Amino acid sequence: MKVRKMSLAVRGIALAAFMAGGASLLNAAVPGWSGSKIAMGGVINGGDEAVLLQQRPVDALFTYAGIGGDGDRTRIITLDTKIDKIMKQIRAMESNLAGETFMPTIVFYTVDASSSTYTAKLDLSNDSTNHYLRNHYINLISMAKQLQSYKDAKHPVPATLLLNPDYLGELQKQCEPTYCDIPFDMAVPVASGLTEAFDYLGLDKSQIPAQFMAGNTTIAEYNQSVSWLVRQFGPDIPFGWHVNVWAGDKRGHGWLQLASTTPSMVPEHVTAVSNFLTQMKVYGNTNTAWLPDFIAFDKWERDAFDASQSGLPVRGGYLYNAPVMNAYLDYVKGVSASVARPAMLWQIPGGHLQTTGDVDTRGDHGSAEPDWILGNPAVDQYLSNVLPYIANTAMPDPTTSTNVYYQGGAKTVKAHLTCPASEPTCWQTGHLNKLKDANVFSVLWGGGSTTSIAGTANVKDDGGWLFARIKALGLNNGTGSSAAIPTPAPTPTPVPGSNCTAWQSTVVYNANDCVTYNGVNYKAQWYTQGDNPASNSGGQYDGKVWLILSAASPTPTPTPTATPTPTPTATPTPKPSATPTPTPTPTATPTPSATPTPTPTPTPTPTATPSPSVTPTGTVAACYAAWSASGTYLANQTASYGGRNYSAKWWTKGDVPTDSGAWGVWKDLGICR
């Protein structure tokens, strides 16, 4: 909490400095980020791009959390193995550097408004069938705790969270004068979502603030609850919300093209967004402890001349010339000042205006943002040496195109990008001072399909052009290293008095390996890494990677000699296997006539206390209390239905046990009487 209190104090000093005209001091308000320069960052996906990122060190590396890229409303993710892998990869890269560290920045969705308002409404719902809100809360709490766990002496601020791209922008833009598909005061069942999430994770519900337990919560209280959860479970994780440049305008970003010749449009849009953010209690939060640390703005995540887009970026108005870039930064400055938070520019296209003899030999990913921000001395004043595939591209015809936003009537890209007379070297000199004046503390380049610091599986490398410009301006993060990135394999820790090793998220386990977690022994049924046994376990035919063996004890398996395995590595448990060889599927066929295995009877829940279950001897268990459609069942609670016993895997109400299946909420324990 000391770090958080310090950050709040610095935040207050920075705000006072801003009001006095010292806007650049706002940089210091974001814990863990540089206060002396504009931080640069790029994309990391956990792949081979790490080699170049280590050679081209910048301040921050960002990636997207989860599996589906949409918040994973149908999944519960208590350990994000992708993020864990990337965090370990980043720490390994740091071990080759001269003391420099990276700031991992994790993009996290609790609401998917990028797809549609329909998906956003799903994410804000929570009923007896689809517990989407509960799932999102569980995933957010788990992510905050996971990122907090990476804190150490070298990393007092272990990571940064960027929340909910497109959500606030779409929420504001989707409202028509007489109708909102998602009304701003739409009811959101915050209390049930939080209560179910806390029950699932075994957390103390008395921690939940009373305002979230009221019966009339709306989107505004939901937004507050998200910020509160990050502060509560990730106290050293700075975070910000993403705001689009749409500003509620039905033309989307197109208004910026118009603002390039009508400057009065900028303050109008700044006021509209500022009022909206206050109404939504994101930055107008009355509890200052829950206020975000920064605000993030993007620009459409595609290089303007991305050949895979068949001309859409130019047709759609995404090619910004110098006057439009100035309007964009004026908007960023106005909004960030209104909420008194520094600005992150995120997903900024990293392709540039390639010139004859350019180190970047690609012919399909040009753009112009780095030239304007960082400067490109290779571009001549008249753009005569810009590659033809960029310069000679035709601009949309305003007489035949529905896009009437471009100003000036230019026929070609070269004409559209020609610098105004007031700034004849607009592409050569760069505009870092403009960014500082706009309260920008960081620029994160690229995205899933856009040029960044290093090439990825989706985008070819730019030959190092972007990093070379960053380095030329002294914005790099040290000298980098070409040394091989180490991949240390953690050694499993043996559990005293047991032949199973303590489970570790970073260790690879193969079929039949035995681990202990929270007092319970588990056996891997196939290859696994990072799958927490407590949430990924069951019986032999439940489709889960970990098979529950028993409560941990000095003799967890009835082998002839119950001595602990002396080696510190995860080794297969020395007992007969149900099949001749390990198999990567969890559906090994049982043989009724086979001699009963010497393994303990699987328990129906991952608790230390075994429950009655079907035994190999054929004894039929007594039936538990009958399942009730109106009853609420927590994880590990039992019920009987149709002559069979069941155990709940997580919170449930109204889910018929026989409809559950191997992947559903109810675990079938077998026949009962």
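All values derive from a computational prediction rather than experimental measurement.
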- Message: The test is side chain to side chain contact (heavy atoms under 4.5 Å, CB included); show your working for V335 and F297 and say whether it passes.
- Response: CA-CA 10 Å; V335 176; F297 302 85; 3.7 Å; yes
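- The closest side-chain donor-acceptor pair between N126 and Y132, if any, does not fall under 3.5 angstrom.
- Counting all heavy atoms, side chain and backbone alike, N477 lies closest to T101 at ND2-O, 3.0 Å.
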- Task: List the steps and the verdict of side chain to side chain donor-acceptor pair (under 3.5 Å) for Q224 and N287.
- Result: CA-CA 9 Å; Q224 283 187 308; N287 190 321; over 6 Å; no
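- No donor-acceptor pair closer than 3.5 Å links the side chain of T63 to the backbone N or O of N45.
- Taking 4.5 Å as the limit, some side-chain heavy atom of V157 sits within range of a side-chain heavy atom of P238.
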- Query: Stepwise, does the side chain to side chain contact (heavy atoms under 4.5 Å, CB included) test hold for D59 with M103?
  - Reply: CA-CA 6 Å; D59 300 285; M103 173 57 75; over 6 Å; no
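- Judged by distance alone, with hydrogens and angles left aside, the side-chain atoms of K37 form a donor-acceptor pair with the main-chain N or O of N476 at under 3.5 Å.
- In this structure a side-chain-to-backbone donor-acceptor pair under 3.5 Å is present from D72 to I67.
- In terms of the salt bridge (Lys or Arg N to Asp or Glu O under 4.0 Å) criterion, residue partners of R91 (sequence neighbours excluded) are, by chain and number, D152.
- Side-chain contact check for S125 versus N130: every heavy-atom pair is 4.5 Å or farther apart.
- Shown here is Y118, whose OH atom has no more than 12 heavy atoms of other residues, nucleotides or ligands within 6.0 Å.
- With hydrogens and angles left out, the side-chain atoms of N244 and D166 include a donor and acceptor closer than 3.5 Å.
- One distance of note links CZ of F441 with CE of M344; it measures 4.0 Å at 0.5 Å rounding.
- The line from OG of S149 to CZ of F233 is 14.0 Å long, rounded to the nearest 0.5 Å.
- Counting only N and O atoms by type, the side chains of T456 and N458 include no donor and acceptor under 3.5 Å apart.
- Across all their heavy atoms, L161 and F294 have their closest contact at O-CZ, 3.6 Å.
- Under 4.0 Å is where a charged nitrogen must lie from a carboxylate oxygen, and between D531 and K544 no such pair does.
- In this structure, the separation between CG on L133 and CG on D127 is 10.5 Å, given to the nearest 0.5 Å.
- The minimum heavy-atom distance linking V515 with P533 is given by the pair CG2-CG, 4.2 Å.
- One distance of note links OG1 of T160 with CG of L147; it measures 9.0 Å at 0.5 Å rounding.
- Residues S225 and W290 fail the side-chain proximity criterion, which asks for heavy atoms closer than 4.5 Å.
- M40 approaches I470 most closely through the heavy-atom pair CG-CG2, 3.9 Å.
- Between the side chains of Q211 and E221, not a single donor N or O lies within less than 3.5 Å of an accepting N or O.
- One distance of note links CG of L168 with CD of Q172; it measures 8.5 Å at 0.5 Å rounding.
- Using modelled atom types, one finds no donor on one side chain facing an acceptor on the other under 3.5 Å when comparing Y522 with T516.
- Under the 4.5 Å side-chain criterion, counting only non-hydrogen atoms from C-beta, Q207 is in contact with Q232.
- D236 and Q148 share a side-chain donor-acceptor pair at under 3.5 Å.
- Side chain of D293 to main chain of F239: a donor-acceptor pair is present (N/O by atom type, distance under 3.5 Å, no hydrogens or angles).
- The closest donor-acceptor contact from the side chain of E49 to the backbone of G47 lies under 3.5 Å.
- Not less than 6.0 angstrom separates the ring centroid of F62 from the ring centroid of W445.
- No donor-acceptor contact under 3.5 angstrom links the side chains of Y283 and N223, judged on distance only.
- Residues S227 and W241 have side chains that bring a donor and an acceptor to within less than 3.5 angstrom of each other.
- Between I38 and L432 there is a side-chain heavy-atom pair separated by less than 4.5 Å.
- Exactly one residue among W255, W246, Y331 makes a ring pair (Phe, Tyr, Trp, His ring centres under 6.0 Å) with H269. That residue is W255.
- Residues W228 and Y137 place their aromatic rings such that the two centres sit no closer than 6.0 Å.
- In this structure, the ring of W300 has its center no less than 6.0 angstrom from the ring center of H253.
- A distance-only check finds no donor-acceptor pair linking the side chain of R302 to the backbone of P349 [under 3.5 Å].
- When the side-chain contact (heavy atoms from CB on, under 4.5 Å) test is applied to Q146, the partners found at least two apart in sequence or on another chain are L79, D80, I83, D84, M143, Y150.
- For the atom pair K205 NZ and L194 CG, the distance stands at 11.5 Å (nearest 0.5 Å).
- Among all heavy-atom pairs drawn from D185 and T218, the shortest one is O-CG2, 3.5 Å.
- In the model, T110 has a side-chain atom that pairs as donor or acceptor with a side-chain atom of N164 under 3.5 Å.
- Looking only at distances, a side-chain donor or acceptor of K82 sits under 3.5 Å from a matching main-chain atom of Y64.
- Looking only at atom types and distance, the side chain of T450 has a donor-acceptor partner in the side chain of E301 under 3.5 Å away.
- Looking at heavy atoms from C-beta onward, F276 lies in side-chain contact with L171 at the 4.5 angstrom threshold.
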- Task: Using the side chain to side chain contact (heavy atoms under 4.5 Å, CB included) rule, take Q529 and T81 through it: C-alpha gap first, then chi angles, then the decisive distance, then the call.
- Result: CA-CA 8 Å; Q529 182 183 21; T81 55; over 6 Å; no
- Begin from the C-alpha positions of E196 and I138 and carry the test side chain to side chain contact (heavy atoms under 4.5 Å, CB included) through to its verdict. CA-CA 9 Å; E196 292 173 19; I138 291 172; over 6 Å; no
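- Counting only heavy atoms from C-beta outward, the side chains of L291 and R341 approach each other to under 4.5 Å.
- N135 places none of its side-chain heavy atoms less than 4.5 Å from the side chain of I77.
- A donor-acceptor pair is defined here as one N or O able to donate and one able to accept, closer than 3.5 Å; no such pair exists between the side chain of E170 and the backbone of A113.
- Q174 places a side-chain N or O within 3.5 Å of a backbone atom of I182 that can act as its donor or acceptor partner.
- Salt bridge annotation for K121-D112: absent, with no cationic side-chain nitrogen under 4.0 angstrom from a carboxylate oxygen.
- The pair K333-D437 counts as a salt bridge, with a side-chain nitrogen and a carboxylate oxygen less than 4.0 angstrom apart.
- For the residue pair H136 and D123, a side-chain donor N or O sits within less than 3.5 Å of a side-chain acceptor on the partner.
- Remark: side-chain polar atoms of E100 are paired, donor with acceptor, to backbone N or O of A98 under 3.5 angstrom.
- Of all the heavy atoms in L201 and S142, the pair that sits closest is CD2-OG, 4.1 Å.
- Take A191 and apply the side-chain contact (heavy atoms from CB on, under 4.5 Å) test, not counting sequence neighbours, and it matches M213.
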